[in-house]
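Read through the structure below, which is laid out as structure tokens, and then see the notes.
Just so it is clear, the model here is predicted, and its values are computed rather than measured.
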Amino acid sequence: IIHVESQPGIGSSFSIYLPVVEQELSTTNQTENIIDDPRGGEETIMVVDDDEDIRMLTTDLLESFGYTVHSFKNGEEALVHFKRNPDQFDLIITDMTMPRMTGYELAKEVLGIRKKMPILLCTGYSENISKTRALEMGIRKYLQKPLQNKELLFSVREVLDAS
């Protein structure tokens, strides 16, 4: 129920009366945890980043959620490994800016071999490729660094589940 009283030149008063709903607290908490907690998986993921700390942290995080991870320090190494067995990987997570071969170049090569390969491109800033251009070329997800662990985990699950 909403009750309104208004007098010109004096002001208005709003009274809102909401019904009391009793609900078990544990049910609410369980629902919130399901929404807030990312799910893991058993898929195989390729992680490509020239920053060793980021590469190792990402690998450890994904492995702790059940994924099998193969990590590479540059796009050239990753591409050589990918070409050996293109169906080995369920997802590629790559940094954009790397020496020798950018994440965009790696994605372009990979998509030329396996057109529907799920790729998640991470970038701090890149004037070489926009989010729109990345998605148009077939990259499934474009993320801005720095990433929170949950954001990465939810994005990984989203891309894998959509494939």
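From F154, atom CZ reaches atom CZ of R39 across 9.5 Å, with rounding to the nearest 0.5 Å. The distance from atom OG1 of T94 to atom CG of L121, rounded to the nearest 0.5 Å, is 6.5 Å.
Listed here is the closest heavy atom pair of S163 and R140: OG-NH1, 2.9 Å. Across all non-hydrogen atoms, the minimal contact from T59 to S71 is OG1-CB, 3.6 Å.
The shortest distance between side-chain heavy atoms of I119 and I93 does not fall below 4.5 Å. For the pair L147 and C122, the minimum side-chain heavy-atom distance is below 4.5 Å. Inter-residue side-chain proximity for L120 and I92 is flagged as unmet; no heavy-atom pair is nearer than 4.5 Å. Here the side chains of T97 and T102 are not in contact, with every heavy-atom distance at 4.5 Å or above. Here the side chains of Y142 and T123 are in contact, with some heavy-atom distance below 4.5 Å. The side-chain heavy atoms of D95 and I54, taken from C-beta on, include no pair separated by under 4.5 Å.
Among residues at least two apart or in separate chains, salt bridge (charged side-chain N to carboxylate O under 4.0 Å, His left out) pairs with a member in residues 98-113 are E76-R100. Applying the salt bridge (charged side-chain N to carboxylate O under 4.0 Å, His left out) test to residues at least two apart or on different chains, the pairs with a partner in residues 47-66 are D49-K145. Applying the side chain to side chain donor-acceptor pair (under 3.5 Å) test to every pair with at least one member in residues 148-160, sequence neighbours left out, gives these pairs: E43-R157, Y67-R157, K141-E158, R157-D161.
Among residues two or more places apart in sequence or in another chain, the side-chain contact (heavy atoms from CB on, under 4.5 Å) test is passed with A78 by M46, V48, F72, L106. In terms of the side-chain contact (heavy atoms from CB on, under 4.5 Å) criterion, residue partners of I113 (sequence neighbours excluded) are, by chain and number, L79, F82, K83, P86. Applying the side-chain contact (heavy atoms from CB on, under 4.5 Å) test to T68 and every residue at least two apart in sequence or in another chain returns T44, H70.
If you chain together hydrophobic residues whose side chains sit under 4.5 Å apart, I45 and L153 fall into the same group. L91 and L135 are assigned to two separate hydrophobic clusters, defined by single-linkage of ILVMFWY side chains at heavy-atom distances under 4.5 Å. Both F65 and V47 sit in one connected hydrophobic cluster of ILVMFWY residues. Membership requires side-chain heavy atoms under 4.5 Å apart, directly or through other members. L57 and V69 sit in two unconnected hydrophobic clusters of ILVMFWY residues. Membership requires side-chain heavy atoms under 4.5 Å apart, directly or through other members. There is no path of hydrophobic side-chain contacts, each under 4.5 Å, that joins L160 to I139.
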- Task: Report the C-alpha separation of Q88 and H81 in whole Å, then their side-chain angles, then the decisive distance to 0.1 Å, and conclude whether the side chain to side chain contact (heavy atoms under 4.5 Å, CB included) test is met.
- Result: CA-CA 10 Å; Q88 175 183 4; H81 197 81; 3.7 Å; yes
